[in-house]
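Working notes, beginning with the structure itself.
No hydrogens, no waters, no symmetry mates; every other heavy atom, side chains included, goes into these values. When a residue number appears, it is its place in the shown sequence, counting from 1.
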Amino acid sequence: MAPWKALPEHLDPQAGRLVDRLRRLKDATGLSFTALATRTSYSRSSWERYLNGRKLPPADAVTELAVLAGADPDRMLALHTLAAQTWTGPQPKDAANPGTSGAGPGPTEPESEPDPGAAPEAAATAPAPAPAPAEPDAPAAVPPALIGEPDGPAEPVRARPARRTLLAAGGALVVVAAVLAVVVTLVLPGRGSAGAGEEEHRRTATEEFAFEPDRTYDCDIHRFEGRLYAGHSDTQDALLQQISTTWEVVEAQCLLEHRGYRIGGIDGAYGPATERAVKRLQDKEGLVVDGIMGPHTWEALRR
């Protein structure tokens, strides 16, 4: 099998990851472009564009190739959703050609397409403006008390009253801080133990979420103040739906799996499997069955 061509330089990393994964799926099938066209609803020329990064493939094409290679279509569709948000080249306009499967390749498309990377590359080569020179630091001011008279010796003794004033002010601040500490201890008893318990509960993620299709997450299922948590988010009202990729999605997936609503994997991508699980929960709890995580669904999920 001939090696793949290098992907266009203008492709975003998310788009490059999608195309790279599609190439691996094609290699796994062992099919040529012509054979791939006979097994799917898309022509040979269409597949050449998709797998060389010249055109964003339709979601149906991604699903068909995933099924042929025995891969999870939901994970591939999550990658496709992320790539579509940043794709700078032509968008998919291919209509599926029903009836072509097994009967030869579908209709071909024009081979010439504009190069969307030309203008961005020219802009990227422009030299960055040189940083402005740093201004020299101004000389430190000298206290008037240490500056001598025009023709006489310096008189450092004049600085002593100011020093005594600063010491007195510092002592007053120490007294005020001590009084406040006593008041807090008397007015808010048990605050320290409650704060420790809350800190123990908040084992939520602190890093920014970045979707990785091959990564799965562990769940720390526990109860705090009567509510169920999984250790990734404390949200009670985050709105989640398909294409969402956040820590809140990881939290929802953990709780759904814990309650017996199987979604196949905790990956942080709100795909069709997660939406189906949410709909089953909403139906059981008597909520509006729309597949969208909202305040009422979160409340039912955390019981």
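Atoms CG and CG, from Leu36 and Leu51 in turn, are 7.0 Å apart once rounded to the nearest 0.5 Å. With values rounded to the nearest 0.5 angstrom, Arg23 atom CZ is found 9.5 Å from Lys5 atom NZ. The distance from atom CG of Leu22 to atom CG of Leu79, rounded to the nearest 0.5 Å, is 8.5 Å. A distance of 9.5 Å separates CG in Leu82 from CG in Leu18, rounded to the nearest 0.5 Å.
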Item checked: Candidate pair Glu251 and Thr235, rule side-chain hydrogen bond (donor to acceptor under 3.5 Å, both in side chains), full reasoning -> CA-CA 9 Å; Glu251 178 81 4; Thr235 184; over 6 Å; no
Notebook entry, point to check: Does the side chain to side chain contact (heavy atoms under 4.5 Å, CB included) test come out yes or no for Thr81 and Tyr270, once each step is laid out?
Noted result: CA-CA 11 Å; Thr81 299; Tyr270 200 106; over 6 Å; no
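The environment of Asp218 atom CG is sparse: at most 12 non-hydrogen atoms of other residues, nucleotides or ligands sit within 6.0 angstrom.
For the pair Tyr42/Pro57, no side-chain contact is recorded, criterion being any heavy-atom separation below 4.5 Å from C-beta on. Considering only heavy atoms from C-beta on, Gln236 comes within 4.5 Å of Arg227 through its side chain. Within the 4.5 Å cutoff, the side chain of Gln85 has heavy atoms near those of the Ile243 side chain. The shortest side-chain heavy-atom distance between Tyr50 and Val62 does not fall under the 4.5 Å cut-off. Contact of the Leu65 side chain with the Trp47 side chain is registered, since non-hydrogen atoms from C-beta on lie closer than 4.5 Å. Contact of the Thr246 side chain with the Phe211 side chain is not registered, since no non-hydrogen atoms from C-beta on lie closer than 4.5 Å. Ile221 places a side-chain heavy atom less than 4.5 Å from the side chain of Leu255. Contact of the Cys219 side chain with the His258 side chain is not registered, since no non-hydrogen atoms from C-beta on lie closer than 4.5 Å.
Evaluated for a side-chain hydrogen bond (donor to acceptor under 3.5 Å, both in side chains) with Thr297, the options Lys279, Gln282, Glu285 yield exactly one hit, Gln282. Of the candidates Thr40, Leu25, Thr63, Leu68 forms a side-chain contact (heavy atoms from CB on, under 4.5 Å) with just one, namely Thr40.
Looking at Asp214 and Arg21, a side-chain N of the basic residue comes within less than 4.0 Å of a carboxylate O on the acidic one, giving a salt bridge.
Checked by atom type and distance alone, the side chain of Arg262 pairs as donor or acceptor with a backbone atom of Glu257 at under 3.5 Å. With Asp20 contributing its side chain and Gly16 its backbone, the two residues share no donor-acceptor pair below 3.5 Å.
Ring-plane geometry between Phe209 and Tyr217 is classed as tilted, the angle between the planes lying from 30 to 60 degrees on a 0 to 90 degree scale.
Taking both residues in full, the closest heavy atoms of Ala300 and Leu287 are given as CB-CD1, 4.2 Å, listed atom of the first, atom of the second, then distance.
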